[in-house]
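Structure first, commentary second.
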2 protein chains.
Amino acid sequence: MTQPAQNQDATTGEEIASTKVPPKGTLPERNAFSDLMSPKKPPPSKKVPPLDTPHSDPARTTTFLGRDGLGAYIASPASFPTSRVIYHDEKWVVINDLFPKSSVHILLLPRDASKQLLHPFEAFRDLDFLKDVQAEVQKLRRLAAKELHRRYSKYSALDQKRQKAIDALDGDSDGESRHLPIGRDWSQSVISGIHVGPSMNHLHIHILSVDRHSECMKHKKHYNSFSTPFLIDVEDFPLDRQDRRRHPSKERYMERDLKCWRCGKVFGNKFSRLKEHLDEEFEEWKRE
Amino acid sequence: MTQPAQNQDATTGEEIASTKVPPKGTLPERNAFSDLMSPKKPPPSKKVPPLDTPHSDPARTTTFLGRDGLGAYIASPASFPTSRVIYHDEKWVVINDLFPKSSVHILLLPRDASKQLLHPFEAFRDLDFLKDVQAEVQKLRRLAAKELHRRYSKYSALDQKRQKAIDALDGDSDGESRHLPIGRDWSQSVISGIHVGPSMNHLHIHILSVDRHSECMKHKKHYNSFSTPFLIDVEDFPLDRQDRRRHPSKERYMERDLKCWRCGKVFGNKFSRLKEHLDEEFEEWKRE
DNA sequence: TATTCCGATAGTGAC
DNA sequence: GTCACTATCGGAATGAG
């Protein structure tokens with residue numbers, strides 16, 4: 001019963017995915033992440049994209065709209081194309097965020113009926129459940145790092161240095177490989193956690209790249225929700241009793257000055273300026 | 001030297017005026033007001049319309065931009081088409097407001113060099129000047145009332161009742177005319193005055209119809225500037241020492257709730273709702 | 001409160 | 001803090017060969 005990535009090829013889905021304007025540069029080979037490459041326009045032209053609400057699927061009888069939108073993935077993961085649902089089993093559904101806020105942005109959705117609709121603070125009081133989540137998140141962090149490598153290795157100075165060394169080896173001389181320059185550690189470029197004040201009703205854990213470079217990143221709250229303590233790593237649970245993040249409204253995370261995740265430059269409320277800046281940082285970050 | 005309405009026929013001007021989309025309904029015969037009929041788009045497509053800055057006129061060497069825009073009319077009234085400059089003599093220039101906030105909206109511009117750039121409070125300390133302005137405003141109020149009659153009499157219940165009585169008279173029986181129903185008093189539908197905090201640098205007095213129905217009426221401050229004590233009748237001068245309008249910033253006229261001039265309905269800050277409502281009131285008002 | 005452009009801010013509705 | 005739509009609110013520039 002536990003078969004990851006078992007979705008049938010959703011033809012209509014692939015069609016829609018292929019209509020997206022590819023970014024400048026080469027298109028990577030297709031995989032579960034292949035439609036994450038910054039689309040010129042965010043996924044839906046209006047409302048929820050038709051792709052994700054197929055009327056043909058008998059498993060999806062309920063409509064999940066607005067704040068309940070994640071319910072559809074939990075209820076009926078197989079009805080989505082592999083470009084949306086990365087894998088699912090009886091415990092988890094893992095999806096590409098429909099409105100990614102970084103170039104890689106996946107969501108872990110626990111299917112446990114007793115936890116599904118709880119606030120993370122409540123859900124994680126069950127320490128067995130917490131441990132399970134933490135382990136799954138670690139897996140997904142590795143998956144995300146792998147995806148970053150796949151996409152951006154060709155731009156990375158460190159990875160290219162290593163690759164050149166590999167190419168310079170005449171044959172398959174395993175003995176020399178341990179002297180190869182170490183490649184880039186993409187896992188350092190993955191962040192993860194829950195929102196202290198989630199807006200979607202179903203429990204979900206974010207795993208995303210640090211770049212925060214996406215067409216779907218549209219306003220201050222989007223940015224600050226992933227760039228302040230509003231995002232809490234699952235490894236920080238259980239939280240100390242006096243942890244300030246227990247009182248997010250007092251901390252006013254969303255109203256804080258916009259601040260570049262990479263260089264620390266402060267942009268106040270000037271989101272558009274931050275966006276321009278993030279474009280530049282994205283290019284430099286890829287080349288590290 | 002004192003010849004009102006002496007403008008040459010500004011051919012190019014008439015051409016541009018004629019490109020404006022006529023409103024629904026019959027086009028009234030041409031006169032100084034004929035292009036005031038609510039254009040679908042406000043006068044300039046971008047910046048100041050080319051019509052009003054002809055390069056051919058030698059009298060206009062200085063550029064009057066932004067807050068100095070009214071200076072051009074004072075400096076060189078003859079260079080404008082009659083659709084813009086209604087009349088001018090050595091003391092006054094009278095124009096149709098380039099961005100009318102009512103269906104009829106004219107401006108009186110005193111040409112007196114010693115007053116031209118003063119705040120109205122300063123300018124009107126000269127009581128001879130004040131009297132002159134008051135008299136000229138009275139003339140313009142009558143002109144505006146006449147224009148309202150010309151445009152809207154055909155919709156007016158009172159005016160139509162009178163007209164029917166006139167039509168019913170067999171011949172030219174002067175004796176019976178004094179028993180005719182009285183027509184509508186359009187002068188009651190004219191308001192006038194200065195802004196307590198003008199944004200245009202040249203002294204100007206507004207004379208406008210009460211309707212506040214115009215494409216150029218675009219936000220709360222537009223409306224409140226003609227619908228609160230921010231508009232001060234020239235007849236109220238000299239102002240009492242304790243008059244509250246002497247301290248407009250304390251009164252916060254611009255921040256006040258939007259309130260329909262006709263029925264008193266309050267719209268808070270909901271300008272769009274007020275606009276819809278003004279459309280309806282305009283129709284009813286014409287039919288009074 | 002001259003206009004215009006841009007952008008930040010705020011409220012709503014989604015079956 | 002879901003999105004998308006509408007609208008309100010807020011600052012800055014405004015010409016120019």
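In what follows, every heavy atom counts, from backbone to side chain, and hydrogens, waters and symmetry copies are set aside. Below, chain A is the first sequence line, B the second, and so on; all start at residue 1.
In this structure, A:Y223 places its OH atom 16 Å from P of C:dT9, rounding to the nearest Å. In this structure, CD of A:E215 is placed 12 Å from P of D:dA4, rounded to the nearest angstrom. The distance between atom CE of B:M200 and atom P of D:dT14, rounded to the nearest whole Å, is 17 Å. In this structure, A:R67 places its CZ atom 13 Å from P of C:dT12, rounding to the nearest Å. Straight-line distance from the CZ atom of B:F64 to the C1' atom of C:dT3: 18 Å, rounded to whole Å. At whole-Å resolution of the value, CG in B:L98 and P in D:dT14 are 20 Å apart.
For B:H105 and B:N96, the side-chain atoms include no donor-acceptor pair closer than 3.5 Å. When only modelled atom types and interatomic distance are considered, B:R256 and B:T228 share no side-chain donor-acceptor pair under 3.5 Å.
Every residue two or more places apart in sequence or in another chain that forms a ring-ring contact (aromatic ring centres under 6.0 Å, His included) with A:F267 is listed here: A:H277. Under the side chain to side chain contact (heavy atoms under 4.5 Å, CB included) criterion, B:L118 pairs with B:K115, B:E122, B:A123, sequence neighbours left out. A search for ring-ring contact (aromatic ring centres under 6.0 Å, His included) contacts involving B:H195 returns B:H206, B:F226, B:F230, not counting sequence neighbours.
As judged by a 4.0 angstrom heavy-atom cut-off over every strand, B:K275 is placed among residues making no nucleic acid contact. Residue contacts shown for A:T63 are absent, as no nucleic acid heavy atom lies under 4.0 Å away.
Side chains of A:K259 and A:S227 form no contact here, defined as non-hydrogen atoms less than 4.5 Å apart. Side chains of A:N201 and A:L117 form a contact here, defined as non-hydrogen atoms less than 4.5 Å apart. For the pair B:D68/B:T62, no side-chain contact is recorded, criterion being any heavy-atom separation below 4.5 Å from C-beta on.
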Symbol by symbol from the 5' end, with Watson-Crick or G-U pairs under 3.5 Å, [ ] crossing and | another strand, DNA chain D is .|||||||||||||...
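The two residues B:L258 and B:N269 come nearest to each other via the heavy atoms CD1-C, 3.8 Å. Here the closest heavy-atom approach between residue B:L130 and residue B:V234 is recorded as CD1-O, 4.0 Å.
Residue order along DNA chain C, read from the 5' end via each residue's closest nucleotide, puts B:G197 first among B:G197 and A:E276.
Here the separation of C:dT3 from D:dG17, taken at their P atoms, is 25 Å to the nearest Å.
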Contact list (N/O, under 3.5 angstrom) for nucleotides 8-10 of chain D vs protein:
| from | atom 1 | to | atom 2 | distance (Å) |
| --- | --- | --- | --- | --- |
| D:dT8 | OP1 | B:F271 | N | 2.8 |
| D:dT8 | OP1 | B:S272 | N | 2.6 |
| D:dT8 | OP1 | B:S272 | OG | 3.3 |
| D:dT8 | OP2 | B:S272 | OG | 3.4 |
| D:dC9 | OP1 | B:N269 | ND2 | 2.9 |

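Contacts with DNA chain D (heavy atom under 4.0 Å) in residues 248-267 of chain A: A:M254, listed by number.
Ring-centre distance between B:F271 and B:Y223: not below the 6.0 Å cut-off.
In the set C:dA14, D:dC3, C:dT4, the nucleotide with an atom closest to the side chain of A:F99 is D:dC3.
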